[in-house]
Structure formats: structure tokens, C-alpha cells
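These numbers were taken from a predicted model, which means no experiment stands behind them.
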Amino acid sequence: NTGPNEPFKTFDQIDQNEPQMDTAKARRAPFDTLGQIMRFDVSLPAGIEDSTPPDQLCFDEKPGGVAKFPADPVFERTVYLKEELTTGEALGPFAAVLDNERGNTEVGKGWALPITEIIPWKQVEEWNIVNLSADSHPIHIHQIKDHLVKRCDGEDPTECDDGDGVPGYETGWKDAVIAYPATVTTVRMKFDILGVYAWHCHILSHEDNEMMRPMCVYNPADITTFSKCCPDGTMYKLIDRFPGTGTSCNPGVATLPETCSLECTPSAPIALAKSKVDGADPHQYET
């Protein structure tokens, strides 16, 4: 590995004042640690190059023969990518984390905290992935396929408008999307598999170090399936997914209106019908 030793700075950089050093030498990974990682050298092809030049590729409006999800109706949510920093002289990130709230930009939510991404079955959603960290992260959301809607500079989705568009090479279906630093990356997807599964960064050292969160998809036609989503299966709060539609969210029914959804909450639970989960098809959920 002859590249830079990032995101951490070397101790030589700290002790000897980086601006006065040979930059290439200062940033090179130490041979006895990261410098031992295998290097790949890409050269010219040995045979005839027969791939299609990018400017001659055809745009496919229906990648794989399947039309992309419509823009409306769609539920929009914003999630954040953060970095927790070390303290002392060797300043740098020691963990990348996820969150559903901006809050403290250096504190996120770990895997074991209550689920915050709770989604009605067959719901089409747009996620604004706001990267507050200094690194790019390939974000993978389990059990769905998504497509990139737009990217825009900054950290506020409300200021995105139409964004910067989508590069031609990213117009197809995706199962992971790169979220660049100081950028809002918007993806659209449909959640059509019930159960509890995960979304995470696909850099192995990140996902194994708390940059992974559980998520839950439940069936609004049988709100007892929602007991999979909360730690104790008893605390719920109704929310209106599409305010202004005139449909009220009534906790006294077993089937929710399409405009309503549920959240886990530490207080003010609502009364739900007796759980039917014990008798459900065991193949209906991924755990």
C-alpha cells in the first residue's frame, strides 16, 4: 500500500509539523502495518479490447425489464452518516456510525439501540442520505433494490431541489450507493419483504464497528406484525405519513389507513389488538 495512511495521520505528521515535511513520505502507510496490503497494478489489455465505449452505451428506461418506482406517492425520510472522533494528539475518526437525527454530528446510534427505520410493507420511500463525515461510504440497504434519484452538495435535503442529476453509469438498479462527504444522496426504493433486517456501510471495518442499523418492515393490514419492530412489542405511536390528506389515524382498528404508520416510543403506547404473530407463517419474516 503506497497510498496515504488515511483517515488517520501518521505520528510523524503530528510530531514534525506536516507542512514542513515531504508530503508523499509523510502520508505513506507504514510498511509494518497498512503498507503490507496487496497492491493491484492495472495495465493495458493483453488482447483485443472489445468492450463498448461509454458514449455508445444505450440508456435503459427499464433496467432488467422492470420500470423504476414512481415518484408519487412516496414517503421521504432523512438519515445521517457520522464519524466519532478520538481525543488527544492523534486526532482522527475511530468509528463511523448511522443516525436518523442530525443532533450531535459526532454521536450516532449503534446496532443495539431501538429500531428507528420502521416501514409499512410495499411502501415506496425516498431516503436522503446526508454524509456528515469526511469519508465516502457505500451504503447498502438489505432486501430491496433502489435507484439513485439525485445528489446535491451540502447537508440540508430541503435545499437540494433537483440536485446534480444522475450520471449515466448510475442509472440502473442498485443495491449499494456511494454517499460522498458533504453531500445529500437520494435513493428511491420499495420495501416488499416483511421482517427485520439491516442497512449499513459496506466497508467491512465500518459495518463491523457499529456502522450498521436494524430496520423493520411490517404489514399495515395486520398491525400485530408490528410487534417485531419494538424491543418489548408493546409501545407504539401513530404518525401520519402524508399530512393534509384528511384521513385520521385511528388506533382502534386492526387495519391502518394508507396514510398512517407506527413508531416505537418510550411513552404513550396505544392499545393494539391481541398479537397474531405467534401463529404467523414462520417464513414470512427474515430475522
Side-chain angles (χ1 to χ4, degrees), residues 1 3-19 23 26-27 29-30 33-34 76-119 125-142 148 150-160 163-164 176-187 197-216 230-231 263-267:
N1 180 12
N5 187 24
E6 291 286 358
F8 290 96
K9 295 181 182 295
T10 65
F11 285 98
D12 286 341
Q13 287 175 287
I14 297 169
D15 295 340
Q16 301 183 35
N17 190 1
E18 180 183 356
T23 303
R27 291 168 62 85
T33 56
L34 294 179
E76 184 177 344
R77 72 176 73 225
T78 300
V79 295
Y80 297 89
L81 317 182
K82 303 178 179 180
E83 282 179 340
E84 298 180 348
L85 302 179
T86 60
T87 58
E89 290 186 339
L91 183 64
F94 73 90
V97 288
L98 306 172
D99 209 336
N100 67 316
E101 300 174 310
R102 182 182 178 90
N104 186 333
T105 59
E106 296 178 10
V107 177
K109 291 182 171 64
W111 172 262
L113 290 179
I115 300 173
T116 51
E117 283 65 60
I118 300 174
I119 303 152
E125 296 200 356
E126 280 189 3
W127 285 24
N128 299 310
I129 304 171
V130 182
N131 190 351
L132 304 176
S133 76
D135 300 308
S136 296
H137 299 276
I139 298 300
H140 175 46
I141 303 170
H142 281 203
L148 179 61
K150 61 185 176 182
R151 287 193 183 93
C152 62
D153 296 335
E155 300 174 353
D156 186 352
T158 64
E159 298 179 354
C160 278
D164 299 329
V177 63
I178 299 176
Y180 295 107
T183 301
V184 179
T185 302
T186 302
V187 293
Y197 37 100
W199 67 285
H200 60 90
C201 173
H202 230 299
I203 297 174
L204 184 60
S205 61
H206 289 187
E207 64 178 281
D208 283 354
N209 193 28
E210 291 296 293
M211 200 172 189
M212 180 183 291
R213 288 282 293 150
M215 52 190 288
C216 184
C230 289
E263 287 184 351
C264 300
T265 177
S267 60

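- Taking CD of Glu76 as the reference point, atom CD of Glu126 lies at 6.0 Å (rounded to 0.5 Å).
- Under the 3.5 Å distance criterion, the side-chain polar atoms of Ser133 are matched with a main-chain donor or acceptor of Asp135.
- Taking 4.5 Å as the limit, every side-chain heavy atom of Ile139 sits out of range of all side-chain heavy atoms of Trp127.
- Heavy atoms only, all atoms of each residue included: Ala95 and Asn209 are closest at CB-ND2, 3.7 Å.
- Between Arg77 and Ile119, the closest side-chain pair of non-hydrogen atoms falls below 4.5 Å.
- Centroid-to-centroid, the aromatic rings of His206 and His200 stay 6.0 Å apart or farther.
- Taking each heavy atom of Ala179 and Ile129 in turn, the nearest pair found is CB-CG2, 4.0 Å.
- Of the candidates Leu98, Ile115, Asn100, Asn100 is the only one forming a side-chain contact (heavy atoms from CB on, under 4.5 Å) with Lys109.
- The shortest heavy-atom contact between Trp111 and Ala198 is CZ3-CB, 3.8 Å.
- Taking Asp156 as the reference, Thr158 meet the side-chain hydrogen bond (donor to acceptor under 3.5 Å, both in side chains) condition, with sequence neighbours excluded.
- Listed here is the closest heavy atom pair of Lys150 and Cys160: NZ-CB, 4.0 Å.
- Interatomic distance, OG1 of Thr105 versus CG of Leu81, reported as 12.5 Å (0.5 Å rounding).
- The nearest pair of heavy atoms linking Ala96 to His137 is CB-CE1, 3.9 Å.
- Remark: side-chain polar atoms of Arg213 are not paired, donor with acceptor, to backbone N or O of Val97 under 3.5 angstrom.
- With Lys82 contributing its side chain and Arg102 its backbone, the two residues share a donor-acceptor pair below 3.5 Å.
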